Each structure stands twice: as structure tokens, then as C-alpha cells.
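Structure, as C-alpha cells:
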Amino acid sequence: MAGIRDEPGTEWDEKFGEIVARHLPLKSDEDGIDPSLDMRSSGLDSIEAIYLLLDLEEEYSLSFPEELLSMEVFATPSSLWEAVSSMRAADGNIQVSEG
């Protein structure tokens, strides 16, 4: 099962890691998901990014606004999780604690 590497300050849920890993065809499953992984070099092309987006929207009951549909947001798992978690917090789906 794909999980997150133990890196301080990066805390996403297991489902997010599974969804991201499923859309990175060039990434080895036993490595876990490195928050700073370059997702394009791991096989995330434009079509796969659309499927990733749809899966995240479905899983988290979100709708990505146009301003978050950028290569910067989809560059790394960390930047993508930041966008997902900020949308969830704005929708009141999660509580965000100050670190």
C-alpha cells in the first residue's frame, strides 16, 4: 500500500496517498509517496492529471476552481495536498490546526 514517507510537516490522509500513487505509472509502489516528488517525471501527463483531479474531487466532495488548475498545483504531492486541504478547510470539511 502506498503511504507517505515520514517527513515532518506533511500530513495527508492515506486515501490521498493511494489516489496520487494510482496516477503515477512510473513510480514504484514500495517507495511510498515523497511529498516533493516531481509528479510529471513519475508519469503524470495531462490526461492522467485530469483523472487524478476527478478522483480527488469525488473522494473529497470538492470542485477545483479554475485558478488551482495549474502545473504548479500538480507539481508535487505536497503542493496538491496543500490545495486539497485548503479547499476542504474553506468548505468546513476539516479542521485546520495551527502548527
Side-chain angles (χ1 to χ4, degrees):
M1 182 181 307
I4 181 173
R5 290 188 178 175
D6 294 325
E7 294 194 18
T10 307
E11 300 171 5
W12 58 60
D13 61 44
E14 186 175 335
K15 192 64 178 175
F16 177 81
E18 290 172 4
I19 291 170
V20 169
R22 187 169 55 233
H23 294 282
L24 300 176
L26 303 179
K27 192 206 140 312
S28 170
D29 283 343
E30 57 269 354
D31 292 343
I33 299 292
D34 182 338
S36 62
L37 177 74
D38 179 345
M39 294 203 299
R40 289 192 73 185
S41 68
S42 295
L44 188 72
D45 60 18
S46 57
I47 298 298
E48 204 61 49
I50 292 169
Y51 290 126
L52 172 57
L53 169 75
L54 293 173
D55 282 352
L56 291 172
E57 287 183 335
E58 183 177 333
E59 176 65 29
Y60 295 105
S61 301
L62 299 170
S63 180
F64 273 73
E66 190 172 330
E67 62 268 13
L68 292 181
L69 302 178
S70 69
M71 290 307 297
E72 292 79 25
V73 170
F74 286 81
T76 66
S78 180
S79 60
L80 185 56
W81 176 248
E82 185 177 322
V84 169
S85 62
S86 68
M87 286 187 291
R88 292 177 70 201
D91 285 346
N93 293 335
I94 60 167
Q95 294 179 349
V96 177
S97 61
E98 294 298 320

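Owing to the predicted nature of the structure, the values given are computational and were not obtained by experimental measurement.
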Quiz item: Between W12 and I33, does a side chain to side chain contact (heavy atoms under 4.5 Å, CB included) hold up when you go through it step by step?
Solution: CA-CA 11 Å; W12 58 60; I33 299 292; 3.5 Å; yes
Exercise. For side chain to side chain contact (heavy atoms under 4.5 Å, CB included), just list the numbers for V84 and F64, CA-CA rounded to whole Å, side-chain angles, deciding distance to a tenth of an Å, and then say yes or no.
Key: CA-CA 8 Å; V84 169; F64 273 73; 3.9 Å; yes
Quiz item: Considering all heavy atoms of both residues, which atom of V20 and which atom of L52 are nearest to each other, and what is their separation?
Solution: CA-CD1, 4.1 Å
Quiz item: With a cut-off of 6.0 Å (strictly less than), are more than 12 heavy atoms of other residues, nucleotides or ligands near CD of E67?
Solution: yes
Quiz prompt | Worked verdict on R40 versus M71 for side chain to side chain contact (heavy atoms under 4.5 Å, CB included) | solution = CA-CA 9 Å; R40 289 192 73 185; M71 290 307 297; 2.9 Å; yes
Practice problem: Specify the closest pair of heavy atoms between M39 and P77, including all atoms of both residues, with the distance to one decimal. | Solution: CG-CD, 3.7 Å
Exercise. Sequence neighbours left out, what passes side-chain hydrogen bond (donor to acceptor under 3.5 Å, both in side chains) with E72? Give chain and number order.
Key: S70
Quiz item: Can you list the residues that meet the side-chain hydrogen bond (donor to acceptor under 3.5 Å, both in side chains) rule with D45, with sequence neighbours excluded?
Solution: none
Practice problem: For the pair F16 and Y60, name the ring-plane relationship: parallel under 30°, tilted 30 to 60°, perpendicular over 60°. | Solution: tilted
Practice problem: Would you give the length of the straight line joining atom NE2 of H23 to atom CG of L56, rounded to the nearest 0.5 angstrom? | Solution: 7.0 Å
Quiz item: Would F74 and L53 count as a side chain to side chain contact (heavy atoms under 4.5 Å, CB included) if you check the C-alpha gap in whole Å, the side-chain angles of each, and the deciding distance to 0.1 Å?
Solution: CA-CA 9 Å; F74 286 81; L53 169 75; 4.1 Å; yes
Practice problem: Determine whether more than 12 heavy atoms belonging to other residues, nucleotides or ligands lie under 6.0 Å from atom CD of E48. | Solution: yes
Practice problem: Compare all side-chain heavy atoms of L37 with those of L24 and state whether any distance is below 4.5 angstrom. | Solution: yes
Quiz item: Below 4.5 Å, heavy atoms only, C-beta onward: do W81 and D13 meet side chain to side chain?
Solution: yes
Self-check item: Shortest non-hydrogen contact between S41 and L26, atoms and distance
Solution: O-CD1, 3.8 Å
Quiz item: Should D38 and T76 count as side-chain neighbours, where that means a heavy-atom distance under 4.5 Å?
Solution: no
Quiz item: Can you get from L69 to L54 by hopping between Ile, Leu, Val, Met, Phe, Trp and Tyr side chains that sit under 4.5 Å apart?
Solution: no
Self-check item: Heavy atoms from other residues, nucleotides or ligands near CZ of R22 exceed 12 (cutoff 6.0 Å)
Solution: yes
